[in-house]
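For reference, the structure discussed in these notes is given below.
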Amino acid sequence: MRVWMQRFLLALTFMLAPALVEAQPVAPVHPVLASGDLRTNLDLSGQWHYSIDPYRDGMAGFHGGDPGLGHRRYDTTDVAAAMRDDPAALYEYDMTRAPTATLPSSWLTHDATMRHYRGLVWYQRSFTADPRPGERQFLRFGAVNYRAHVYLNGKSVGAHEGGFTTFAFEVTGLLKPGANQITVGVDSDRSDTDLPPPVTDWETYGGITRAVTLVTTPATYVDDAWVRLTRDGRIAVDAVLDGKGAAGGALTLAIPALGLTLDGKADAAGHWTARVPAPVALERWSPDTPRLYDVTITAGADVWKDRIGFRTIAVEGDQILLNGKPVFLAGIALHEEEFGANPTRAITPQAARALLTEVKQGLHGNYVRLAHYPHSEVMTRMADELGLLVWSEIPIYWRVAFDNPQTLATARHMLAEEILRDRNRTAIAIWSVGNETPVSAARNAFLSTLAKDAHALDDTRLVSAALLVGRKQEGGASVFTVDDPLIPALDVMAVNAYNGWYTPDKLSDLASFVWRSPYEKPLILSEFGAGALAGEHDATRAHKFSEEFQADYYRATLDMASRIPFLRGMSPWVLKDFRSPRRQHPVYQQGWNRKGLESETGARKQAFDVLADYYAQHHP
Ligand code: GCU
């Protein structure tokens with residue numbers, strides 16, 4: 001086929017692809033159990049038995065097919081008794097006598113032998129339940145990294161893919177009065193078509209890293225609810241009832257502090273939508289005034305509740321408007337790792353507060369990029385409470401299989417899970433659909449589809465992606481042009497730029513850089529940074545990994561940033577050092593990415609004050 005014909009067909013594909021893919025509805029998520037962390041829960045945190053299964057004998061026999069009796073960790077067999085009573089019986093596992101670990105926690109910290117374990121681990125515990133007639137029960141998981149296979153009393157209740165989003169399975173009818181056994185097979189292995197692909201610049205914390213709870217609801221309950229302030233100044237509610245009484249069910253929204261009560265009736269599908277003018281007394285949420293309101297939706301015997309802030313976020317030209325006024329997002333990026341020498345990604349309210357207080361109080365920031373995946377709901381609720389705007393993202397990271405339809409389906413489902421869990425979190429301002437992804441027609445179609453899904457699921461927030469930027473020399477000047485073909489699908493442009501760290505640029509040259517864009521949209525520097533080992537000093541200030549170089553890198557980059565006319569925010573990389581297997585310099589890194597402004601234990605480096613002073617001075 002002639003080259004011109006190939007190019008024409010490629011262009012045609014690119015033009016048609018979004019339309020073809022766009023026709024499909026947004027990925028369904030059920031049950032949503034919105035704000036399920038606030039429902040009556042039996043918290044299953046605590047001691048669980050665990051058993052490694054690197055060759056997945058518990059999932060399949062040695063010729064394929066079902067696993068053998070002696071390998072099915074999810075069975076309810078009392079192995080000790082079975083082998084005692086029948087000397088010929090052969091079991092090659094025994095969960096009740098397996099080691100124990102305290103969950104939620106990544107298995108990397110269960111013991112030293114697990115530090116580099118990748119693959120399948122079985123977890124099991126027993127718990128007492130009291131299921132009552134007319135109620136429904138769900139097992140809700142904050143996150144399981146990467147695949148979860150869930151069994152209750154020896155029966156499969158479902159499987160889930162994705163290491164960072166909340167999911168639930170209904171277990172009504174499977175739950176027994178008295179003792180029950182839950183078994184979870186957790187597989188951390190990822191293939192090139194998974195999200196993220198196997199190569200990332202962060203540690204794979206395999207395991208059950210967030211809370212597991214047993215949620216109880218009435219027979220008909222509020223499965224999804226979204227309450228927010230629309231850009232035209234109304235309080236909006238969208239609720240979905242689930243159960244026999246859903247169709248035509250009566251609902252009442254109440255915000256007592258505003259004296260607001262709104263009655264409604266669900267349609268035949270159990271959906272209720274209503275809009276009312278916002279009461280004059282409404283105090284809008286902002287980083288300076290992080291006002292949250294108790295909100296309930298009563299539907300029959302169910303009372304759904306949440307704590308919600310009301311604000312608007314929009315783009316006007318190249319400005320970002322918070323509550324109608326231009327705002328500069330003065331932030332920092334961070335991974336989901338608690339402070340400490342041996343993090344396990346178990347984010348308690350205390351851990352979240354410690355991290356975000358460093359942003360708010362330490363750096364005088366108003367914004368945080370929660371990279372590179374949806375963080376714990378503990379973290380997003382803490383951002384609501386402390387008053388930090390949030391960039392939230394799904395792990396569409398680096399070399400994703402953009403031409404694989406299953407990968408796209410996984411991404412769409414992951415995005416829907418993220419948004420449906422968190423769209424009542426007022427702190428979240430931006431949904432991001434990608435990070436440093438190589439440009440291609442397939443990538444543009446894939447990310448455009450995600451951007452359209454994000455807008456369809458949530459018309460109150462902004463959509464962005466962390467892009468790379470083109471660079472040319474023009475008459476001796478370095479010109480950076482922000483013109484990624486994805487930008488028309490985004491509300492906010494964002495680029496990661498590491499001039500002077502990953503490039504041979506002299507720090508003194510950065511101020512002369514020229515930044516341009518053919519698009520009139522706000523720009524965020526979604527990453528820039530340099531590494532330093534806390535306590536490493538260099539009188540010449542020239543050597544990388546010294547605190548002095550990192551501090552000078554920040555001074556030079558902030559000077560460059562202040563000269564970008566359409567820059568509306570930044571989230572330098574990164575608040576604290578974090579684990580990354582890609583970083584193995586034996587003196588400076590030892591398996592840690594050292595671009596933190598603080599060490600892993602929270603020791604502030606010189607550059608911390610450089611950024612803090614900059615924000616205090618330029619964006620108070
Ligand atoms: C990239 C990437 C980060 C990574 C950082 C680095 O921009 O987005 O995940 O950690 O650079 O190189 O430190």
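Read the numbers this way: they start at 1 and go in the same order the structure lists the ligands and their atoms.
Every atom of ligand 1 is numbered from 1 in the order shown, and the set under 4.0 Å from a heavy atom of Asn496 is 7 (O), 8 (O). Each of the atoms 6 (C), 12 (O), 13 (O) of ligand 1 lies under 4.0 Å from some heavy atom of Arg583. The distance from ligand 1 to the heavy atoms of Asn435 drops below 4.0 Å at these ligand atoms: 2 (C), 8 (O).
Looking only at atom types and distance, the side chain of Tyr373 has no donor-acceptor partner in the side chain of Glu393 under 3.5 Å away.
One option in Trp501, Tyr502, Tyr498 has a heavy atom closer to atom 5 (C) of ligand 1 than any other, and that option is Tyr498. Checking Glu436, Arg582, His335 against atom 7 (O) of ligand 1, the nearest heavy atom belongs to Glu436.
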Distance-only donor-acceptor hits, side chain of residues 610-620, under 3.5 Å, sequence neighbours excluded:
{"unit_1": "Tyr615", "atom_1": "OH", "unit_2": "Gly331", "atom_2": "N", "d": "3.0"}
{"unit_1": "Tyr615", "atom_1": "OH", "unit_2": "Gly331", "atom_2": "O", "d": "2.6"}
{"unit_1": "His618", "atom_1": "ND1", "unit_2": "Tyr614", "atom_2": "O", "d": "3.2"}

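Taking the six-membered ring for Trp, Tyr117 and Trp107 have ring centres closer than 6.0 Å. Aromatic rings of Phe528 and Tyr498 (six-membered ring for Trp) have centroids beyond the 6.0 Å cut-off, not under it.
With respect to atom 13 (O) of ligand 1, the closest heavy atom belonging to the protein is Lys595 NZ, 2.7 Å. Counting only heavy atoms of the protein, atom 2 (C) of ligand 1 lies nearest to Glu527 OE1, 3.5 Å. Nearest protein heavy-atom neighbour of atom 10 (O) of ligand 1: Asp201 OD2, 2.5 Å.
The distance criterion of under 3.5 Å between nitrogen or oxygen atoms is met by Trp573 with respect to ligand 1.
Minimum interatomic distance between Asp422 and Arg461 (heavy atoms only, all atoms of both residues): O-NH2, 4.1 Å.
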Requested in this report: Could you check Arg471 against Ser478 for side-chain hydrogen bond (donor to acceptor under 3.5 Å, both in side chains), going step by step and ending with a plain yes or no?
Outcome: CA-CA 7 Å; Arg471 174 177 185 168; Ser478 290; 3.0 Å; yes
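Relative ring orientation between Phe167 and His160 is described as parallel, the plane-to-plane angle staying below 30° on a 0-90° scale split at 30° and 60°.
The salt bridge (charged side-chain N to carboxylate O under 4.0 Å, His left out) test with Glu600 is passed by exactly one of Arg594, Arg579, Lys576, Lys605: Arg594.
At a heavy-atom distance under 4.0 Å, no atom of Val574 approaches ligand 1.
Using a 4.0 Å cutoff on heavy atoms, Phe578 counts as a contact of ligand 1. The closest approach between Arg594 and ligand 1 stays at or above 4.0 Å for every heavy atom of the residue.
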